[in-house]
Amino acid sequence: MTRNVAIVADRISWEERRLIEAAPELGLHVEWVNDESLCLGAPGAPSVQDFDALLVRSRSYTRGGLVATLAEAAGIPVLNSARAINACENKAVLRSVLSSAEIPVPDFRLVLSRRDFEKALDELGVPVVLKPIFGGMGKRVTLIRHTDTAQSVYDYVEDLGHAFEQACLVEPYLSGGSSVRCLVVGRDIVAAAEFASAGADWRSNAALGNRSSTLAYDPDVVKIVDAVVSELGAGIYGVDLFRTDDGYVVNEVNHAPAFRGVASVTGADIPTAVGSFVQELLS
Amino acid sequence: MSTATLTGACPECETDLTVPPIAQGETFSCPECMLTLRVEDIQDGRLTLQMVQVTLRDWGQ
């Protein structure tokens with residue numbers, strides 16, 4: 001029996017198209033459902049009740065958790081779980097969740113004011129990275145190498161329109177701008193690659209299209225990713241790691257990860273892995 | 001695989017458009033006004049399009 005799965009997102013990109021194309025061979029019918037037109041809240045979630053599962057791929061850091069929470073409450077199976085999505089959408093919450101489970105994360109300070117910012121600089125020293133609590137794709141992530149420019153950088157944070165956008169983390173600058181991106185499906189790493197800074201931009205976020213090199217599966221990588229999945233539950237995640245002298249630390253976890261870069265570097269068939277995982281959950 | 005093109009009109013500048021096969025929910029830029037258009041529906045090879053932001057302000061994944 002073919003199972004109906006909705007990809008919930010505001011649009012279809014490369015990843016979602018590949019998931020839709022791979023679905024029929026796995027006994028799935030996958031279609032796009034616009035995340036801005038579900039009007040959830042009514043008992044039984046009529047806008048999604050005909051689907052066997054929702055694959056939440058909202059890039060929005062507000063929509064994903066809200067949609068997952070309400071759909072799950074209405075009894076619709078959701079991937080990833082609302083708990084996982086809500087944790088991943090907020091960098092401070094995620095680090096707290098992981099730390100509580102004794103999973104190593106970078107040292108950081110929550111910065112909600114200039115006073116916080118100054119204290120964070122005093123405690124951590126430069127270089128540090130200033131990043132928004134809510135956000136991703138490397139946007140507004142700023143490397144501060146010198147204390148004499150730090151205050152003027154923070155002027156821009158203060159000028160942002162809403163406290164929601166002003167909430168930041170400050171953390172030490174680790175790994176020289178490189179990171180290890182692990183694509184997890186279910187409980188397994190299906191692809192892993194290291195992304196290093198290239199060209200004129202220090203950021204190594206995969207979404208920025210920097211050069212990548214394949215990463216041999218490393219027992220230390222497997223161990224820390226296993227711990228993350230144990231805490232968040234089986235799902236589809238992009239787990240970003242920094243390599244430090246003391247071992248790997250979890251930088252962030254994306255609940256709707258882009259995987260074009262890591263798939264092209266490793267050759268992994270991620271759409272089939274995702275479809276198989278969804279089918280397994282529904283059977 | 002079908003290679004038939006699809007047609008539609010830009011809802012902003014009203015330019016007639018002919019595009020390669022594209023799925024509901026995908027986006028492309030209008031070649032005339034450069035706005036980002038999302039495919040809302042496809043009926044008999046005819047696209048219903050809506051202008052959307054290039055990226056949403058709260059994109060973060």
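Convention: sequence-line order gives letters A, B, ...; per-chain numbering from 1. Note: hydrogens, waters and symmetry copies are ignored here, and every other heavy atom, side chains too, is used. Values in this document were obtained by computation on a predicted structure and should not be read as measured data.
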Heavy-atom cut-off 4.5 Å, strictly under: side chain, backbone, both or neither for [X] against chain B?
{"X": "A:Glu31", "result": "neither"}
{"X": "A:Ser13", "result": "neither"}
{"X": "A:Arg11", "result": "both"}

[X] atom [atom1]: more than 12 heavy-atom contacts under 6.0 Å:
{"X": "A:Glu158", "atom1": "CD", "value": "yes"}
{"X": "A:Tyr156", "atom1": "OH", "value": "no"}
{"X": "B:Glu32", "atom1": "CD", "value": "no"}

- Taking all non-hydrogen atoms of both residues, which atom of A:Trp32 and which atom of B:Glu40 are closest, and how far apart?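 The answer is CH2-OE2, 4.3 Å.
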- Nearest non-hydrogen partners of B:Arg38 and A:Asn34, listed with the distance: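 That would be NH2-ND2, 3.2 Å.
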- Heavy-atom side-chain proximity of A:Met137 to B:Thr55 below 4.5 angstrom: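 Sidechains of B:Thr55 and A:Met137: no contact.
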- Message: Do B:Val52 and A:Asp10 have side chains that approach each other closer than 4.5 Å (heavy atoms only, starting at C-beta)?
- Response: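 A side-chain contact under 4.5 Å is absent here.
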- From A:Trp14 CH2 over to B:Glu26 CD, what is the distance, rounded to the nearest 0.5 angstrom?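 Between atom CH2 of A:Trp14 and atom CD of B:Glu26 there are 12.5 Å.
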- Query: Do any of residues 9-19 of chain B have a heavy atom less than 4.5 Å from a heavy atom of chain A, and if so, which, in residue order?
  - Reply: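 Result: none.
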